S.K.: 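A single structure is presented below for examination.
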Amino acid sequence: MKITMIGSHLCQDTLYAMMKLKDQGVEIEFHNISASFPCLKEFLKLRENDPMFEPVKAADGIGMPVFIFEDGTRTLDLAEVLAMHPDNLNGR
């Protein structure tokens, strides 16, 4: 399983998620919004147009990291990503 993860090395939630995913052997394609304007633009487009960010924005949050599955499904929930890992006996 390969996950695209959009976040920042400056974000503790992003760093924690990277560590957990790597511990589980999940292949990550990381898009660092702090180091790349194209990645920042990608994130802002998602954040402004995807309804999953509405609760985050209402709470004055940023909404990182974002996880994108190979099929294009997106989530902000690390537990959901970990549950999808093939080695997880409780996965879907």
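What you see is a predicted model; the values in this text were computed from it and never measured.
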S.K.: Which pairs, with at least one residue in residues 12-40 and sequence neighbours excluded, count as a ring-ring contact (aromatic ring centres under 6.0 Å, His included)?
M.R.: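 Output for this query lists His9-Phe30.
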
S.K.: Using the rule that Ile, Leu, Val, Met, Phe, Trp and Tyr join whenever any side-chain heavy atoms are under 4.5 Å apart, tell me whether Met5 and Met84 fall into a single cluster.
M.R.: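 Shared cluster, yes.
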
S.K.: Applying the 4.5 Å side-chain criterion to the ILVMFWY set and letting contacts propagate, would Met52 and Ile6 be lumped into a single cluster?
M.R.: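 Both belong to a single hydrophobic cluster.
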
S.K.: According to side-chain hydrogen bond (donor to acceptor under 3.5 Å, both in side chains), who are the partners of Thr14, at least two apart in sequence or on a separate chain?
M.R.: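 For Thr14 there are no side-chain hydrogen bond (donor to acceptor under 3.5 Å, both in side chains) partners, ignoring immediate neighbours.
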
S.K.: Name every donor-acceptor pair, under 3.5 Å, that has one atom in a side chain of residues 57-67 and the other anywhere in the protein, sequence neighbours excluded.
M.R.:
{"residue": "Lys57", "atom": "NZ", "partner": "Arg47", "partner atom": "O", "Å": "3.3"}
{"residue": "Lys57", "atom": "NZ", "partner": "Glu54", "partner atom": "OE2", "Å": "3.3"}

S.K.: Are any of the side-chain heavy atoms of Ser34 and Leu10 separated by less than 4.5 Å?
M.R.: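 They are in side-chain contact.
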
S.K.: What pairs with Asp13 under side-chain hydrogen bond (donor to acceptor under 3.5 Å, both in side chains), at least two apart in sequence or on another chain?
M.R.: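 Testing Asp13 for side-chain hydrogen bond (donor to acceptor under 3.5 Å, both in side chains), a comparison that skips the adjacent residues, returns none.
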
S.K.: Linking I/L/V/M/F/W/Y whenever any side-chain heavy atoms sit under 4.5 Å apart, do Phe43 and Ile28 land together?
M.R.: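 No, separate clusters.
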
S.K.: Just jot down the side-chain hydrogen bond (donor to acceptor under 3.5 Å, both in side chains) partners of Lys2, sequence neighbours excluded, or say none.
M.R.: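 In terms of side-chain hydrogen bond (donor to acceptor under 3.5 Å, both in side chains), with neighbours along the sequence ignored, Lys2 is linked to Glu29.
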
S.K.: Side-chain contact, heavy-atom cut-off 4.5 Å: Leu21 with Leu82?
M.R.: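 They are in side-chain contact.
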
S.K.: In the structure I gave you, are the side-chain heavy atoms of Phe69 and Glu80 within less than 4.5 Å of one another anywhere?
M.R.: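 The answer is yes; the side chains approach within 4.5 Å.
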
S.K.: Mind listing the closest non-hydrogen atom pair of Ser8 and Ile33 along with its distance?
M.R.: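 For Ser8 versus Ile33, the nearest heavy atoms are CB-CG1, 4.1 Å.
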
S.K.: So, Asp77 versus Thr75: side-chain donor-acceptor pair below 3.5 Å or not?
M.R.: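 There is no such pair between these side chains.
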
S.K.: How long is the gap from CE on Met19 to CD on Gln24, to the nearest 0.5 Å?
M.R.: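 Here the rounded value is 11.5 Å.
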
S.K.: Is the shortest heavy-atom distance from the side chain of Ile68 to the side chain of Ile3 under 4.5 Å?
M.R.: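 Not in contact.
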
S.K.: Under the side-chain hydrogen bond (donor to acceptor under 3.5 Å, both in side chains) rule, collect the residues that match up with Asn49, sequence neighbours excluded.
M.R.: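 If we apply the side-chain hydrogen bond (donor to acceptor under 3.5 Å, both in side chains) test to Asn49, skipping adjacent residues, there are no hits.
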
